[in-house]
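I'd like to ask you about the structure that follows.
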Protein chains: 2
Amino acid sequence: MSEKITIYDIAKKLNITAATVSRALNNNPKIKESTRELVIKTAASMNYKQNKLALALKSGRSNNIGVIVPRIDSNFFASVIRGIEEELHPHGYQVIICQTHESPKRENENLYTLIDAQVDGIMMSVTDVTDENDGAFHYVLEKNVPLIFFDRSKHIDGVSSVTVNDFKGGYVATKHLINEGCREIAHFSGDQSLEIFKNRFLGYKQALLDNGLTFKEEYVIRTKSSVEAGKEAIDVLLALDTPPDALFSASDFAALGAIQELKERNISIPNEFCVAGFSNEPFTKFMELSITSVDQSPLEMGKMSARVFLEQVDKTDTIKIEKKVVLAPELHIRKSSSRTNF
Amino acid sequence: MSEKITIYDIAKKLNITAATVSRALNNNPKIKESTRELVIKTAASMNYKQNKLALALKSGRSNNIGVIVPRIDSNFFASVIRGIEEELHPHGYQVIICQTHESPKRENENLYTLIDAQVDGIMMSVTDVTDENDGAFHYVLEKNVPLIFFDRSKHIDGVSSVTVNDFKGGYVATKHLINEGCREIAHFSGDQSLEIFKNRFLGYKQALLDNGLTFKEEYVIRTKSSVEAGKEAIDVLLALDTPPDALFSASDFAALGAIQELKERNISIPNEFCVAGFSNEPFTKFMELSITSVDQSPLEMGKMSARVFLEQVDKTDTIKIEKKVVLAPELHIRKSSSRTNF
DNA sequence: ATGTATTATGTAATCGATTACACGAAAGTA
DNA sequence: TACTTTCGTGTAATCGATTACATAATACAT
């Protein structure tokens with residue numbers, strides 16, 4: 001075990017006080033240049049390392065920020081985290097990861113844990129939006145810890161968010177399907193208590209109406225974000241009297257499930273049926289029958305969240321800044337919906 | 001801003017000392033039962049929260065562990081991290097993420113940063129294995145911080161590791177290709193200074209020799225783990241006098257690149273050419289022409305790493321335990337190499 | 001020479017919790 | 001009764017760094 005060197009050890013060696021050492025190391029202008037140099041040289045030679053915990057205790061700032069996501073092993077969330085990490089690392093922040101597994105209970109626990117661990121900020125994608133009376137968020141706000149929502153947001157006064165324009169995403173995807181000649185367009189939605197799914201749905205609906213198509217309730221199916229769920233949902237749709245000729249799915253995984261099932265039934269894609277997904281998961285691009293999907297630029301979302309955090313930290317004295325950043329979605333048109341180009 | 005309640009506040013209210021409060025909250029047996037109950041009740045009513053930073057400073061333990069990976073937005077690493085987080089969360093540890101982007105310099109920085117942040121342990125997948133004289137690792141060991149390598153390991157005395165049997169993975173994948181009737185099997189390798197790639201290669205070679213096939217140097221190509229690299233590499237192979245009839249790629253991405261290029265050339269898979277990859281990335285399963293791949297059970301790898309950490313922490317007094325856990329790889333046979341079943 | 005800035009450093013409190021040691025009170029023993 | 005344990009709590013140091021305030025030392029002005 002290497003001995004821990006503290007500023008007291010340096011002070012003793014140089015016959016000065018720890019205060020002087022501290023000031024010298026922190027470039028306090030009141031320190032004589034010669035002293036500063038001596039201290040810095042001695043510190044280096046003794047292999048001194050600042051104890052971050054002591055600093056954190058004194059300053060109340062841990063230089064850690066917490067990130068809460070439903071799960072980390074999804075390309076979207078992992079990419080957002082990557083963005084956050086890359087933006088914050090140069091500023092000396094470490095990123096602490098928490099997963100909720102879509103459980104509001106875990107979400108609360110994580111919030112409390114992070115605050116208790118004295119993180120300097122929290123960035124998160126909420127899991128459930130229903131418990132408005134929930135104490136954990138107020139606990140965060142009371143502590144004046146910057147809180148930033150990304151992707152899945154919640155309306156709380158004074159809280160910033162970075163989201164993608166889901167309405168537009170749903171709109172352009174649906175419009176694209178219409179342009180390809182589809183007239184009976186179905187939609188796989190997620191839990192509409194989450195804004196993102198609500199908005200993707202609304203974008204879809206608006207695109208239909210704006211283009212003279214009728215919106216049919218029975219074409220909208222709520223599915224989980226999984227291949228299996230997509231298969232089951234498309235079965236339901238194909239059993240309708242007028243089955244659809246296209247699908248806009250709010251999940252790439254469900255879109256994939258639908259595609260697999262359609263192939264099983266020898267329905268030709270994109271000739272007889274067009275499909276568009278959402279999220280631009282890596283596999284959508286890799287498939288032989290590549291899948292059209294709406295990109296949410298997760299890396300950018302992460303970086304932007306980090307920037308919003310940096311703006312807010314250190315400004316706790318001023319009026320709380322509420323910044324709503326909305327990124328533009330980008331439709332990646334691929335084979336699953338291209339009757340013309342490929 | 002909510003006032004911060006400390007044990008001193010509780011002490012003052014009850015006309016006792018902070019020491020008694022601390023002992024009561026920590027279930028110290030020397031405290032009178034009635035006092036303990038009173039303290040606990042008062043603490044709850046005052047909404048007291050233990051200051052983790054103060055605790056960390058005093059105890060020298062932060063309850064954070066650091067994880068260093070090349071990048072987080074890869075399904076493999078994200079899954080390992082998920083495993084680590086799930087195993088460690090119940091024990092009160094938070095997971096701090098660092099990325100190296102395959103840069104040894106960043107790797108060193110991350111190691112120093114984590115130690116300076118007083119993490120209680122470090123789990124990592126190394127980036128580069130060449131600089132044996134590297135100070136950062138010794139710094140970690142000097143501090144007696146448990147260090148565990150997963151997947152990409154480095155030989156350091158007293159350091160535990162959790163890896164998959166890459167030799168076996170390479171062997172079974174190659175053996176499988178041979179069983180399917182392939183005779184001229186090529187191999188995409190990664191940087192062989194990394195054990196994992198070395199061992200996958202050796203397994204491949206051994207399988208060839210054990211089955212009476214000749215090993216050809218020119219069939220082994222070093223590629224990056226990307227689709228593009230795979231395309232370029234297969235071009236080289238197909239230009240040989242005797243082009244191969246199968247490929248075992250140490251990377252799923254490179255395997256995918258090869259498949260795309262082979263299709264481009266109208267070479268039929270698996271009839272004329274079989275392909276197997278490594279890592280079992282999600283997309284390998286999703287493709288219409290699903291790709292055979294070796295699974296490394298990343299979730300299990302993460303959990304196992306966490307367990308090894310838990311065994312080592314708190315036992316710094318004893319002789320250093322060096323535990324080498326080797327998980328069994330599992331070959332997932334899919335269409336890209338199945339001439340018979342599908 | 002005396003008084004006043006200015007500069008560099010020391011003193012000591014502080015962040016919040018833990019804990020070795022000390023000590024008074026109660027209980028047990030002879 | 002007197003003496004020893006045992007029990008419960010208080011005192012104060014400690015973890016390592018920062019910083020308001022005090023003070024010593026020097027420079028400068030009159």
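It should be emphasised that the depicted structure is a prediction, and the values quoted were computed from it without experimental measurement. In what follows, chains are A, B, ... by sequence order, proteins preceding strands, each numbered from 1.
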Original post:
Which nucleotide in the list D/dT19, D/dT18, D/dG16 gets nearest to the side chain of A/Leu55?
Top reply: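 Nearest nucleotide to the side chain: D/dT18.
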
Subject >> Gap between atoms CG and C1', on A/Asn51 and D/dT18 respectively (whole Å) >> reply: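 Value for this atom pair: 13 Å.
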
Subject >> Short side-chain N/O contact from B/Thr35 to OP1 or OP2 of D/dT9, under 4.0 Å >> reply: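 Answer yes for this pair, as a side-chain N or O of B/Thr35 is under 4.0 Å from OP1 or OP2.
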
**OP:** Would you mind telling me which of D/dC15, C/dC15, C/dT18 lies closest to the side-chain atoms of B/Leu57?
**Re:**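 Of the options given, the side chain of B/Leu57 lies nearest D/dC15.
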
Original post:
Atom CG of B/Leu25 and atom C1' of C/dT18: how far apart are they, to the nearest Å?
Top reply: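 Rounding to the nearest Å, CG of B/Leu25 and C1' of C/dT18 are 12 Å apart.
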
Original post:
Donor-acceptor pair under 3.5 Å: do we get one between B/Arg36's side chain and the base of D/dG8?
Top reply: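 There is none.
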
Original post:
Is the shortest side-chain N to carboxylate O distance from A/Arg71 to A/Glu102 below 4.0 Å?
Top reply: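 A/Glu102 and A/Arg71: salt-bridged.
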
Subject >> Closest to side chain of A/Ala54, choosing from D/dG10, C/dT11, D/dA17 >> reply: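 Nearest listed nucleotide: D/dA17.
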
**OP:** Name the nucleic acid region contacted by B/Lys58, choosing base, sugar-phosphate or nothing; use a 4.0 angstrom heavy-atom cut-off, strictly under.
**Re:**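 Answer is base: heavy atoms of B/Lys58 come under 4.0 Å of a base.
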
Original post:
Are A/Thr20 and C/dG10 close enough that a side-chain N or O sits under 4.0 Å from OP1 or OP2?
Top reply: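 Checking C/dG10 against A/Thr20, a side-chain N or O does come within under 4.0 Å of OP1 or OP2.
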
Original post:
With a non-hydrogen cut-off below 4.0 angstrom, is B/Lys30 in contact with a base, only sugar-phosphate, or nothing?
Top reply: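 The answer is base, as B/Lys30 lies within the cut-off (heavy atoms under 4.0 Å) of a base atom.
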
Original post:
How far does OG of B/Ser297 sit from NZ of B/Lys303, to the nearest 0.5 angstrom?
Top reply: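 Those atoms lie 12.0 Å apart.
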
**OP:** Would you please confirm or rule out a distance under 4.0 Å between OP1 or OP2 of C/dT18 and any side-chain N or O of B/Gln50?
**Re:**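 For C/dT18, OP1/OP2 do have a side-chain N/O of B/Gln50 under 4.0 Å.
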
Original post:
In terms of side-chain heavy atoms, does A/Thr100 have a donor or acceptor partner in A/Thr127 at a distance below 3.5 Å?
Top reply: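 There is such a pair (donor and acceptor under 3.5 Å, judged by atom type) between the side chains of A/Thr100 and A/Thr127.
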
**OP:** Flag this pair as yes if the NZ/CZ of B/Lys4 is under 6.0 angstrom from the six-membered ring centre of B/Tyr48 and inside a 45 degree cone about the axis; otherwise no.
**Re:**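 Because its charged atom misses either the 6.0 Å distance or the 45° angle limit, B/Lys4 does not stack over B/Tyr48.
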
**OP:** May I ask you to evaluate whether B/Tyr8 reaches the phosphate of C/dT18, defined as a side-chain N or O under 4.0 Å from OP1 or OP2?
**Re:**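 No.
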
Original post:
If we only count heavy atoms from C-beta on, is the B/Leu25 to B/Val21 side-chain gap below 4.5 Å?
Top reply: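 A side-chain contact under 4.5 Å exists here.
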
**OP:** Give the rounded distance in Å between these two atoms: CG of A/Asp9 and P of D/dC15.
**Re:**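 To the nearest whole Å, that distance equals 10 Å.
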
Subject >> Gap between atoms CG and P, on B/Leu53 and D/dT18 respectively (whole Å) >> reply: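 Interatomic distance, CG of B/Leu53 to P of D/dT18: 15 Å.
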
Original post:
So which nucleotide from D/dT14, D/dT19, C/dT19 ends up closest to the side chain of A/Arg23?
Top reply: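 So the side chain of A/Arg23 is nearest to D/dT19.
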
Original post:
From the list D/dT18, C/dT18, D/dG10, which nucleotide is the closest neighbour of the side chain of A/Asn26?
Top reply: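 Closest nucleotide to the A/Asn26 side chain: D/dT18.
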
**OP:** For C/dA17, take OP1 and OP2 only and decide whether either is under 4.0 Å from a side-chain N or O of B/Ser22.
**Re:**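 No, B/Ser22 has no side-chain N/O under 4.0 Å of OP1/OP2 on C/dA17.
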
Subject >> Nearest to side-chain heavy atoms of A/Ile31, which nucleotide of C/dT9, D/dA17, C/dA17 >> reply: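 For the A/Ile31 side chain, the nearest candidate turns out to be C/dT9.
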
Original post:
With nearest nucleotides of DNA chain D determined for A/Lys52 and B/Ile16 from heavy-atom distances, which residue corresponds to the more 5′ nucleotide?
Top reply: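 Nearer the 5' end of the strand: B/Ile16.
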
**OP:** Tell me which nucleotide among C/dT18, D/dG10, C/dC15 gets nearest to the side chain of B/Thr17.
**Re:**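 So the side chain of B/Thr17 is nearest to D/dG10.
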
